[in-house]
Each structure stands twice: as structure tokens, then as C-alpha cells.
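Some notes on the structure that comes next.
Every number for a ligand or one of its atoms is a count from 1 in the order of the listing. The basis for the numbers below is simple: all heavy atoms, side chains too, and nothing from hydrogens, waters or symmetry mates. These numbers were taken from a predicted model, which means no experiment stands behind them.
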Amino acid sequence: MSVYELESRCFKDPYPISVLVFYAATFPDLFLVAEEGNRIVGYVIGLIEQQGRVGHIISICVDPDMWGRGYGSMLMDSIEDIFRRRRACRSILEVRVSNTRAISFYEGRGYRIDGVIKGYYLDNEDAYIMSKRLC
Ligand SMILES: CC(C)(COP(=O)(O)OP(=O)(O)OC[C@H]1O[C@@H](n2cnc3c(N)ncnc32)[C@H](O)[C@@H]1OP(=O)(O)O)[C@@H](O)C(=O)NCCC(=O)NCCS
């Protein structure tokens, strides 16, 4: 399965291939892919923002067939380590207010809800902004 196929399985409004290619080509060190055997089972895309102070998790997705096996945690730990090494001491992300599984997943990893962005998604759903202090 390709990263784009995974993205399409995880999200009802997947990023187009061009956006995934842009992140992979422009910030390859912040585009992490988890594999089992030769199979891609998950990925996370990060970005460093605000003069290097903040790491932004742009997207994280694990193949639904592989949920609950630790891949999501491994991807989060890995991208947060990279943020820390780049001296970004805060990690932030947006998540659909209806995505209760992801919200609990993030809360279990130390993220807290900081606020709401009204109509953030294409279908007008609101997003929670969540963040975690890294150092
Ligand atoms: C959110 C998401 C990335 C989590 O990925 P995951 O691989 O299931 O995550 P993990 O397996 O590391 O952790 C999930 C839970 O399973 C548990 N778990 C981990 N390994 C396990 C194992 N071997 N057996 C049973 N449970 C396990 C974890 O403890 C965790 O529970 P917790 O959150 O209560 O601590 C995944 O559900 C996903 O891709 N969702 C769709 C896309 C999405 O919503 N992305 C976020 C958008 S902002």
C-alpha cells in the first residue's frame, strides 16, 4: 500500500498526492514511514514552525488493519524526538472534534486541548488544537 492509499483509508478528505509529494520532497527528515516487512503501515508528517520553536504534526495515519499495535505511538515518539533534537520545545496538532479515538490517543501521549478552530475542515467541521510541551 502506498502512503497515498493509506491517507485515503484514514481520512475522508485526504491530502492530494501533490501535497504529500511536496512534504516528502521539501522536508524529507520530517516525513516518517513505518514499515512491516515490505509493507507501509503508517506515516507521520511534521513541520517546524515559529522560528523553530514549534513542531507541528501535519498528519498521522496508521493502516486501520494495524491499529492498536503500537505503530501510532512509535511514529509520535519518533517525530517528537526529531522536534526535540531541532530544539522545538512544543508540539501542536489539529484534530476533528468528532475524532474521539485520535483525541484519546493524543491525550494518552500528553497532549491537551488548547482551543477550537471553527470550520477548519473542508466539510466545515471544527478542529481542536492540541499541544504538548517537549522540553
Ligand atoms: C490515531 C492513530 C494514528 C493511532 O494509531 P495506532 O497505531 O492505533 O496507535 P497505537 O497502537 O500506538 O495506540 C493505540 C492504542 O492501542 C494501544 N496499544 C498499543 N499497542 C498495543 C498492542 N500491541 N495491543 C493492544 N493495544 C495496544 C495503545 O496503548 C493505545 O491505547 P491508548 O491510546 O489508550 O494508550 C490511528 O488510529 C489512525 O491512523 N487513525 C486514523 C487517522 C487519524 O485519525 N489520525 C489523526 C488525525 S489528527
Stepwise, does the side chain to side chain contact (heavy atoms under 4.5 Å, CB included) test hold for S59 with Y23? CA-CA 11 Å; S59 185; Y23 281 113; over 6 Å; no

G72 heavy atoms within 4.0 Å reach ligand 1 at atoms 5 (O), 6 (P), 7 (O), 9 (O), 12 (O)

query: Does any N or O atom in F11 lie less than 3.5 angstrom from one in ligand 1, N or O only?
result: no

- Query: Where the side chain of R84 meets the backbone of L134, is there a donor-acceptor pair that is under 3.5 Å apart?
  - Reply: yes

From CA spacing to verdict: side chain to side chain contact (heavy atoms under 4.5 Å, CB included), V62, R69: CA-CA 10 Å; V62 170; R69 299 190 193 186; over 6 Å; no

Below 3.5 Å, N or O to N or O, backbone or side chain included: is there any such pair between R101 and ligand 1?
yes

The protein heavy atom nearest to atom 11 (O) of ligand 1 is G70 N, 2.7 Å

| Does L93 reach ligand 1, in the sense of a heavy atom lying below 4.0 Å from it? | no

Numbered in order shown, the ligand 1 atoms found under 4.0 Å of a heavy atom of C61 are 39 (O)

query = So is M74 polar-close to ligand 1, meaning N/O to N/O under 3.5 Å?
reply = no

Quick one, I82 with L30, criterion side chain to side chain contact (heavy atoms under 4.5 Å, CB included). Give me CA distance, side-chain angles, the key distance, then yes/no. CA-CA 8 Å; I82 294 174; L30 296 168; 3.6 Å; yes

Quick look: N99 vs ligand 1, heavy-atom contacts under 4.0 Å, and the answer is side chain

Tested for salt bridge (charged side-chain N to carboxylate O under 4.0 Å, His left out) against E80, the lone hit among R86, K132, R109 is K132

Closer than 4.0 angstrom, basic N to acidic O: yes or no for D13 and R96?
yes

Within the 4.0 Å heavy-atom cut-off, what R96 brings close to ligand 1 is neither

So, do I129 and Y120 sit near enough that their side-chain heavy atoms are less than 4.5 Å apart?
no

* Non-hydrogen atom of G108 closer than 4.0 Å to ligand 1 -> no

Report yes or no: does E107 have a heavy atom closer than 4.0 Å to ligand 1?
no

Of I45, I60, I79, the one forming a side chain to side chain contact (heavy atoms under 4.5 Å, CB included) with L32 is I79

Review point. Does D126 reach the main-chain N or O of G119 with its side chain, forming a donor-acceptor pair under 3.5 Å?
Key: yes

Min over V95, I60, L6 of heavy-atom distance to atom 45 (N) of ligand 1 lands on I60

Atom 39 (O) of ligand 1: closest protein heavy atom, distance to 0.1 Å, is V62 N, 2.7 Å

Among S104, G68, S73, C10, closest by heavy atom to atom 18 (N) of ligand 1 is G68

Tightest non-hydrogen contact, residues Y15 and Y4, listed as O-CE1, 3.3 Å

Within the 4.0 Å heavy-atom cut-off, what R109 brings close to ligand 1 is side chain

Per-atom contact, atom 34 (O) of ligand 1, protein heavy atoms, under 4.0 angstrom: no

Atom 38 (C) of ligand 1: of F105, Y106, W67, the nearest heavy atom sits on W67

